[in-house]
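Shown next, in structure tokens, is the structure this report addresses.
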Amino acid sequence: MGKYTGNPAAVAALVRQHEVHRDTYIDREIYELEMKHLFANTWVFVGHDSQCPNKGDYITTQVGDQPVIMVRHSDNEIKVLLNRCPHKGTKIAIDRAGNTGKFFRCPYHAWSFKTDGCLLAIPLKKGYADTGFSDNQASKGMKSVGAVHNHRGFVFARLNADGISFEDYFGEAMSSFDNMVDRSPEGRLEVAGPPLRYMHQCNWKMLVDNQTDTCHPMVAHESSAGTAVDLFEKANWPEDKPKPMAMEIIAPFMSPYEFFEEMGIRTWPNGHGHTGVHHSIHSDYSAIPGYVEAMVESYGEERTQEILGENRHNTVYWPNIMIKGPIQQLRNFIPLGPDKTLVESYIYRLVGAPEQLLQRTAMYNRIINAPTSIVGHDDLEMYERAQEGLHAEGMDWINIQRLHEGEEDFDEIAVENGTTERQMRNQMQAWVKFMTMTMDDGAKEAAQ
């Protein structure tokens, strides 16, 4: 046993008011405890139900380090099952997506299961007669995750059977999801193809931190966005001609510090928060012909203005996703090790809206978040440098002190200067909360 396992006091001591110990980003034992506790106690994104439109449709993914299958059952409900045969442990499905028909069949010994996980059939079942098999957990079939919640198409899971409810965990933070869905004239989104995926050789929390770090764009992206802006200005683009969509997307990354300060940050309990309270880099995109008219027809003038007047930048849902409501994007930061993260960038179609909106969303994803991105690799370079640099001896703490003003109450909703690091502090306080809540009570008392 290492120095942190079974020792919640030692884990909690890694997070101070305005600094975080480097072990939270580089230590293998801490990473394994995150998988065991943090990702089991929190509500984690699994997928969108439009990825499984038909009965028997499924996707495979993971929650923390647990392989799962999201599948549409015969009753049309979405189920989330652990991707493991109860017989010998074989993964039931290995394709990222497919249709299994009416049942899953293990490729090893042909045990079969209904799409809600219940055991359907076993070859030579008579061999289990009078063995007490019916009392064994294997007889119950594939195991479901602890809890599942579908919020307007977005499916979340909690691995532990007992724990905080979906409503108490997210609270008012789901307003960013609601705004994103409400931007459809029909109040519905559909996933637009598979996500863009690429690997990062860094800790997953570095990506989460960066989503509300508003002091880096004009520095880290100077070589990409800055160069694009410089070349565009030298091209003497006619003022009476619409700015190209790509430039509308990339140019705001070079906005000055004052732009981001005035943008504002809102934090919610349990580690959630967003940049772009008052405006964002998405606020000044060109209008798409026919879109506002379709929205007004569905919602009326006043409600349409309320929906489209919200232009939140990045909303972090702790522990490991970020969404951009104005452009219908979700990024999933899947931990694969203390220094390895798979990033999945999904985009969604606004049902009933002009297709040009999806074109802009897809372009944003390619320019900013793709493996071939000219902007995203600026961030990747910084993450990987930080992952290496944190191994340097003599300095154990990471500073998250910007605009810290003494004791902070993270159980309260707060709106602050857009360059504060309060959201990073909020995340790490939630990290302590959900890391330690299920550690052994006896060990907790001993550590205190």
Side-chain angles (χ1 to χ4, degrees), residues 180 183-184 189-198 200 207 210-260 263 275-276 279-292 308 310-315 322-332 343-350 353-383:
M180 181 163 72
R183 287 172 175 268
S184 158
L189 302 185
E190 292 177 348
V191 69
L196 297 178
R197 295 183 174 95
Y198 66 118
H200 289 58
L207 289 121
N210 193 63
Q211 304 312 303
T212 57
D213 182 337
T214 55
C215 287
H216 85 276
M218 67 296 293
V219 181
H221 301 308
E222 185 176 8
S223 63
S224 55
T227 300
V229 169
D230 183 55
L231 291 173
F232 184 73
E233 289 175 349
K234 291 177 180 177
N236 295 315
W237 189 264
E239 291 186 9
D240 60 345
K241 199 173 180 182
K243 184 182 289 187
M245 186 181 288
M247 284 310 302
E248 284 195 338
I249 288 169
I250 200 170
F253 281 81
M254 294 312 296
S255 299
Y257 289 111
E258 292 76 16
F259 175 90
F260 291 101
M263 177 192 291
T275 50
H279 61 260
S280 76
I281 66 172
H282 309 301
S283 295
D284 297 322
Y285 290 163
S286 297
I288 300 299
Y291 177 47
V292 172
L308 301 185
E310 282 280 351
N311 281 290
R312 299 177 182 183
H313 183 194
N314 294 341
T315 299
M322 178 277 286
I323 70 166
K324 285 180 171 288
I327 58 167
Q328 301 82 56
Q329 182 196 65
L330 182 150
R331 300 184 73 203
N332 190 13
V343 179
E344 295 184 331
S345 296
Y346 286 93
I347 59 172
Y348 301 91
R349 174 181 288 102
L350 294 169
E355 196 70 7
Q356 195 174 346
L357 284 161
L358 180 61
Q359 293 173 9
R360 180 161 63 196
T361 295
M363 180 177 287
Y364 186 100
N365 211 26
R366 292 195 302 271
I367 292 176
I368 310 301
N369 298 319
T372 53
S373 165
I374 62 171
V375 174
H377 286 282
D378 297 335
D379 294 320
L380 176 59
E381 175 75 11
M382 297 305 107
Y383 303 148

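The first residue in the sequence is number 1, and the count goes up from there. As a basis for the values below, the full set of heavy atoms in this structure was taken, side chains included, without hydrogen atoms, waters or symmetry mates.
Within the 4.5 Å cutoff, side-chain heavy atoms of L350 are placed close to those of Y291.
Residues passing the ring pair (Phe, Tyr, Trp, His ring centres under 6.0 Å) test with Y198 are H200, H377, sequence neighbours excluded. D284 meets the salt bridge (charged side-chain N to carboxylate O under 4.0 Å, His left out) test with no other residue; sequence neighbours excluded.
Separation of atoms OH (Y364) and CD1 (I327) is listed at 5.0 Å; rounding is to 0.5 Å. H313 contributes atom NE2, which lies 12.5 Å from atom CD1 of I323 (distance to the nearest 0.5 angstrom). Note that the CD1 atom of I347 and the NZ atom of K324 stand 14.0 Å from one another [nearest 0.5 Å]. Once rounded to the nearest 0.5 Å, the distance linking CD1 of I281 with CE of M254 reads 12.5 Å.
With hydrogens and angles disregarded, no donor-acceptor distance shorter than 3.5 Å links the side chain of W237 to the backbone of P244. Although no hydrogens or angles enter the test, the distance criterion places a donor-acceptor pair under 3.5 Å between the side chain of S373 and the main chain of I367. For Q211 (side chain) and L207 (main-chain N/O), a donor-acceptor pair under 3.5 Å exists by modelled atom type. Side chain of N365 to backbone of Q329: no donor-acceptor contact under 3.5 angstrom is found. Put simply, the side chain of H216 gets close to the backbone of D213: a donor and an acceptor are under 3.5 Å apart. Between the side chain of T275 and the backbone N or O of N314, at least one donor-acceptor pair lies under 3.5 Å. Checking side-chain atoms of Q328 against main-chain N and O of P326 turns up a donor-acceptor pair under 3.5 Å. At least one donor-acceptor pair under 3.5 Å links the side chain of H279 to the backbone N or O of F259.
The two residues R197 and P371 have their closest heavy-atom pair at O-CG, 3.3 Å. The shortest heavy-atom contact between S255 and F260 is O-CE1, 3.4 Å. Closest non-hydrogen pair, V191 versus Y348, comes out as CA-CD2, 3.6 Å. M245 and R360 get closest at one heavy-atom pair: SD-CA, 3.4 Å. Here the closest heavy-atom approach between residue P354 and residue P289 is recorded as CG-O, 3.6 Å. Between L196 and A370 the shortest heavy-atom distance is CD1-CB, 3.6 Å.
Donor-acceptor pairing under 3.5 Å is recorded for the side chains of N210 and Y383.
Within 6.0 Å of CD on E222 lie no more than 12 heavy atoms contributed by other residues, nucleotides or ligands.
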Might you work through the side chain to side chain contact (heavy atoms under 4.5 Å, CB included) test for L330 and N332, ending with a clear yes or no?
-> CA-CA 7 Å; L330 182 150; N332 190 13; 4.2 Å; yes

Could you give me the CA-CA distance, side-chain angles and deciding distance for E248 and K243, then say whether salt bridge (charged side-chain N to carboxylate O under 4.0 Å, His left out) is met?
-> CA-CA 7 Å; E248 284 195 338; K243 184 182 289 187; over 6 Å; no

Checking side chain to side chain donor-acceptor pair (under 3.5 Å) for the pair D378/H221: CA distance, chi angles, key distance, verdict?
-> CA-CA 6 Å; D378 297 335; H221 301 308; 3.0 Å; yes

